[in-house]
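Since the structure comes first, as structure tokens, the remarks are kept for the end.
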Amino acid sequence: MPLTSLDHVNIRTRNLPEMVRFYQEVVGLRDGERPPFSFPGAWLYCGDRAALHLVEVTEGNESSVGQIDHFAFMASGLREFVANLEERSVEYSTRTIPELGNTQVNVNDPDGNRIEIQFLSSESA
């Protein structure tokens, strides 16, 4: 059974409203339906998929959590994405993938998790 795609990333946060706002306004995900779990959180969608699950850490469920190095999304609209980052004063770095020529834009969310947004080589900043 080979893996076929990224299903979702789950991040525990103490900053749920700020994280939702960041992933909507900066990254471009949209808030969407979430099952009625007994704990607070949000599901953010990339297209038709709930790609990012946020769980609010409150008193009583503060178990230790492993770190995420980064997670990545494929995207289009490099110029518009970079312009949005600059308009919002969000720090970022870029890298070109050798041989492929794809552009990686790296940003950190409010909790310090690194996100890679990758654009095909046919786009340019």
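Along the sequence shown, residues carry numbers from 1.
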Q.
Test your reading of the model: is there a side-chain donor-acceptor pair from E123 to the backbone of G77, 3.5 Å cut-off?
A. yes
Q: List in chain and number order the residues that pass side-chain contact (heavy atoms from CB on, under 4.5 Å) with P17, two or more places apart in sequence or in another chain; answer none if no residue qualifies.
A: none
**Q.** Name of the residue among N102, T103, N106 meeting side chain to side chain donor-acceptor pair (under 3.5 Å) with Q118
**A.** N102
Q) Going by heavy atoms in the side chains, are E80 and N84 under 4.5 Å from each other? A) no
Q.
Ignoring hydrogens, what is the shortest heavy-atom contact between N108 and R114? Give both atom names and the distance.
A. OD1-CA, 3.3 Å
**Q.** Side chain to side chain, N10 and V55, heavy atoms closer than 4.5 Å
**A.** yes
Q: Could you list the residues that satisfy side-chain hydrogen bond (donor to acceptor under 3.5 Å, both in side chains) with N15, not counting sequence neighbours?
A: D111
(Q) I need the full list of salt bridge (charged side-chain N to carboxylate O under 4.0 Å, His left out) pairs touching residues 37-48, with sequence neighbours left out, sorted by first then second residue. (A) none
Q: Could you list the residues that satisfy side-chain hydrogen bond (donor to acceptor under 3.5 Å, both in side chains) with Q104, not counting sequence neighbours?
A: E116
Q: Applying ring-ring contact (aromatic ring centres under 6.0 Å, His included), name anything that partners F22, two or more places apart in sequence or on another chain.
A: none
Q) How many angstroms lie between atom OG1 of T96 and atom CZ of F119, to the nearest 0.5 angstrom? A) 12.5 Å
Q) Under the side chain to side chain donor-acceptor pair (under 3.5 Å) rule, what pairs show up with a residue in residues 21-37, not counting sequence neighbours? A) Y23-D109, E25-R88
Q: Under the ring-ring contact (aromatic ring centres under 6.0 Å, His included) rule, collect the residues that match up with Y92, sequence neighbours excluded.
A: none
Q: Work out which heavy atom in F81 is nearest to a heavy atom in I117; give both atom names and the distance.
A: CZ-CG1, 3.6 Å
Q | Heavy-atom closest pair, residues V20 and A42 | A | CG2-CB, 3.7 Å
**Q.** Residue pair W43 / A50: nearest heavy atoms and the distance that separates them
**A.** CE3-CB, 3.5 Å
Q: Measure the NE2-OH distance between H8 and Y45 for me, rounded to the nearest 0.5 Å.
A: 11.5 Å
**Q.** Contact check, side chains of M19 and I11, non-hydrogen atoms, under 4.5 Å
**A.** yes
